[in-house]
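Comments concern the structure below.
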Amino acid sequence: MLDVRFVRENADVVKMALKNRRSNIDLSRFLELDKERRRLLVEVEGLKSTRNIISEEIGKLKREKRDAEEKVFSMRKLSKKIKDMDIKVNEIESKLSNFMLEIPNIPHSSVPVGVDENDNKTIRSWGESPEFGFEPQAHWDIGVNLDILDFKRGVKIAESRFTLLKGFGAKLERALINFMLDLHTDEHSYTEIFPPVLVNSKSMMSTGQLPKFGAELYKCADDDLYLIPTAEVPVTNIYRGEILKEKDLPLKYTAYTPCFRREAGAAGKDTRGIIRQHQFNKVEMVKFTKPEESYDELEKLTNNAEEVLQKLGLHYRVIELCTGDLGFSAAKTYDLEVWMPSYEGYKEISSCSNFEDFQARRASIRYRMKSKKVRFVHTLNGSGLAIGRTLAAILENYQQEDGSVIVPEVLRSYMGGVEKIE
RNA sequence: GGAGGGGUGGCUGAGCGGUUGAAAGCGGCGGUCUUGAAAACCGUUAGUGGGGUAACUCACUCGGGGGUUCGAAUCCCUUCCCCUCCGCCA
């Protein structure tokens, strides 16, 4: 959520940002409502002020056992008027807040202006794509042949886009989770969290999934609970409604969770393999920082995610998303894209974003400065990494001509010393 | 699920329907003392939204919503959450 005052005073900036994002939100309607609200506020608050003064006088008269009937009578009318005006103000305020909840974040000034993913900028790349002396297979073929991925039974148990991992497939998944968590906690000093994977609507509202993207979420029919689409939701909400201490910032958390997405509107995309699933595992990193430090922390966060790929020896590139491709809540985002032989191209495996105070304002996460003023923190998060896609990348990039797959060295201690899946 | 108790400021915790936006303590901040630190003592310390160039000022906020009243943290209704006991249970 943006700062209402900022929107009011910088309408042209916000309009430009909305245009760059290709959003069709009409700000003028908002500005009208905002003006009307303030006009009414001035009026009704004046009435409330006289009500308070006269009530005080009535109290005094009653204590002195004097007659106050006349004043009480005139106050009855005043109170009624205040009540009516309050209703009007509330109506306008709820319209305004609905409006604010649907306005996306303003892209950071460094973000390239563009229409879609074709306008994203490649920042850097690491490693090289492997040379195969044979025709490489896609991970779904490798996985089925090794009997570690079972697509048919995943569908039988649930529905399409659910996959069963088996034997060394399951073990590799678990190894990746543990490897990444250990890296981020032991070497990057993040604190490990294991959060609830069902959260209430307030939490979803705070990070920006609701109200706009409810169709992406799995909702429990009888409760105000949703399956999380990412650990970002519960972990960012750890401090919802709290005031943090300046000396505790930045706070850095990492969490493994399963993630659940309906993938509404993704019909026909990535239908084969485990790239786009309704349920997938992910290790996430979340930071709460001071505003002046958040962009440094974004670089570090991105580097922390990159290090996972480097240690796994997977070729990747870093992309800076353009304004048109930026997520709703993000001010700036780097995507990490790993090399996938089956795509003969790169596939997103991590997304690292700075939300500035957009989520913090929705969630009311603040910190008290030394000067005693309270300010919103900045929140950041990034995948470190998506486990399923990492597993797919390993199968494809480490495949051998005989259909076996070499286990990257850093994972072997997590795999009981196994060097090769065959 | 059944019975009872409770939700107040950064935290703990008072609060006869009328200077209670809120005592007290802790914590925080500033100061005195000290070579320095601690202790002690003194002072200070809620948030949000309006108006005003500003000094400043007004309104709202005691889990959420509604009601009674001239006036509600205090009374009533409703809802959510937490705790205790019982039941059930990984």
Side-chain angles (χ1 to χ4, degrees), chain A residues 1-9 30-101 194-206 210-211 219-220 222-226 234 237-249 251 258 288 290 357 360-377:
Chain A
M1 192 161 58
L2 302 178
D3 181 358
V4 180
R5 263 175 296 193
F6 180 87
V7 178
R8 185 186 300 149
E9 288 160 18
F30 166 83
L31 294 168
E32 272 167 40
L33 281 170
D34 176 61
K35 212 169 183 179
E36 175 69 357
R37 165 176 177 266
R38 282 180 296 150
R39 192 186 65 74
L40 286 172
L41 268 189
V42 169
E43 196 180 338
V44 74
E45 285 184 3
L47 296 180
K48 284 180 179 175
S49 179
T50 60
R51 178 182 67 183
N52 289 343
I53 290 164
I54 297 181
S55 285
E56 189 73 22
E57 287 170 7
I58 292 171
K60 205 175 282 173
L61 290 174
K62 292 243 166 144
R63 257 176 283 133
E64 292 166 2
K65 301 258 192 301
R66 288 162 62 193
D67 178 54
E69 211 34 56
E70 195 186 323
K71 284 190 166 158
V72 169
F73 183 77
S74 73
M75 285 292 284
R76 244 171 236 154
K77 276 193 282 188
L78 183 63
S79 274
K80 174 82 174 86
K81 184 160 186 202
I82 289 173
K83 200 168 280 182
D84 291 344
M85 286 193 70
D86 267 342
I87 290 170
K88 241 191 231 166
V89 171
N90 285 340
E91 278 171 5
I92 290 176
E93 286 187 342
S94 91
K95 273 184 204 163
L96 277 171
S97 79
N98 287 341
F99 212 105
M100 289 305 287
L101 286 171
F194 198 102
V197 300
L198 285 169
V199 302
N200 57 36
S201 51
K202 236 183 203 164
S203 294
M204 287 294 189
M205 195 75 81
S206 296
L210 290 176
K219 183 180 190 325
C220 296
D222 297 329
D223 303 276
D224 178 35
L225 289 170
Y226 298 79
N237 274 280
I238 289 174
Y239 293 116
R240 170 154 49 82
E242 298 193 26
I243 298 177
L244 305 172
K245 293 181 182 146
E246 180 168 16
K247 68 173 165 68
D248 293 338
L249 301 177
L251 288 162
F288 303 85
K290 292 189 252 183
D357 62 8
R361 184 171 288 106
R362 289 178 163 236
S364 189
I365 305 170
R366 294 168 296 175
Y367 75 101
R368 196 177 297 279
M369 299 191 288
K370 238 183 157 179
S371 63
K372 285 172 192 167
K373 274 180 67 179
V374 288
R375 273 168 102 193
F376 290 111
V377 300

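These values consider heavy atoms only, across backbone and side chains, with no hydrogens, waters or symmetry-generated copies. Here is the naming used below: chain letters follow the sequence lines, and residue numbers restart at 1 for every chain.
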Any strand: nucleotide that pairs with rU12(B) via Watson-Crick or wobble, under 3.5 Å: rA24(B)
Between P of rC29(B) and NZ of K247(A), the distance in whole Å: 9 Å
RNA chain B-proximal residues of residues 78-97 of chain A, any heavy atom under 4.0 Å: S79(A), K83(A)
Residue pairs fulfilling salt bridge (Lys or Arg N to Asp or Glu O under 4.0 Å) with at least one residue in residues 70-80 of chain A, sequence neighbours excluded: E57(A)-K71(A), K80(A)-D84(A)
Complementary nucleotide of rA90(B), counting Watson-Crick and G-U pairs under 3.5 Å: none
Atom pair distance, as rounded to whole Å: CD in E242(A) and P in rG9(B): 13 Å
Salt bridge (Lys or Arg N to Asp or Glu O under 4.0 Å) involving D34(A) - partner list, sequence neighbours excluded: R8(A), R38(A)
C1'-based separation of rU34(B) from rG50(B) [nearest Å]: 49 Å
rC29(B) - base-pair partner by Watson-Crick or wobble geometry, distances under 3.5 Å: rG43(B)
Separation of rC81(B) C1' from R240(A) CZ (nearest whole Å): 12 Å
Atom pair distance, as rounded to whole Å: NZ in K373(A) and P in rC29(B): 19 Å
Interatomic distance where CD1 belongs to I58(A) and C1' belongs to rA72(B) [whole Å]: 15 Å
Contact letters for nucleotides 50-65 of chain B, in which S counts primed atoms plus P, OP1 and OP2 and B counts the base, heavy atoms under 4.0 Å: SS------BSS-----
Atom-to-atom span, NZ of K62(A) to C1' of rG18(B) - whole angstrom: 10 Å
Flag side-chain contact, heavy atom, 4.5 Å: R366(A) against S364(A): yes
For F288(A), all residues meeting ring pair (Phe, Tyr, Trp, His ring centres under 6.0 Å), sequence neighbours excluded: Y239(A)
Cationic N near anionic O, under 4.0 Å, E246(A) to K290(A): yes
Partner nucleotide, any strand, of rG18(B) [Watson-Crick/G-U, under 3.5 Å]: rC70(B)
Pairs satisfying side-chain hydrogen bond (donor to acceptor under 3.5 Å, both in side chains), at least one member in residues 44-53 of chain A, at least two apart: K48(A)-D86(A)
Distance, rounded to the nearest Å, where L47(A) contributes CG and rG71(B) contributes P: 13 Å
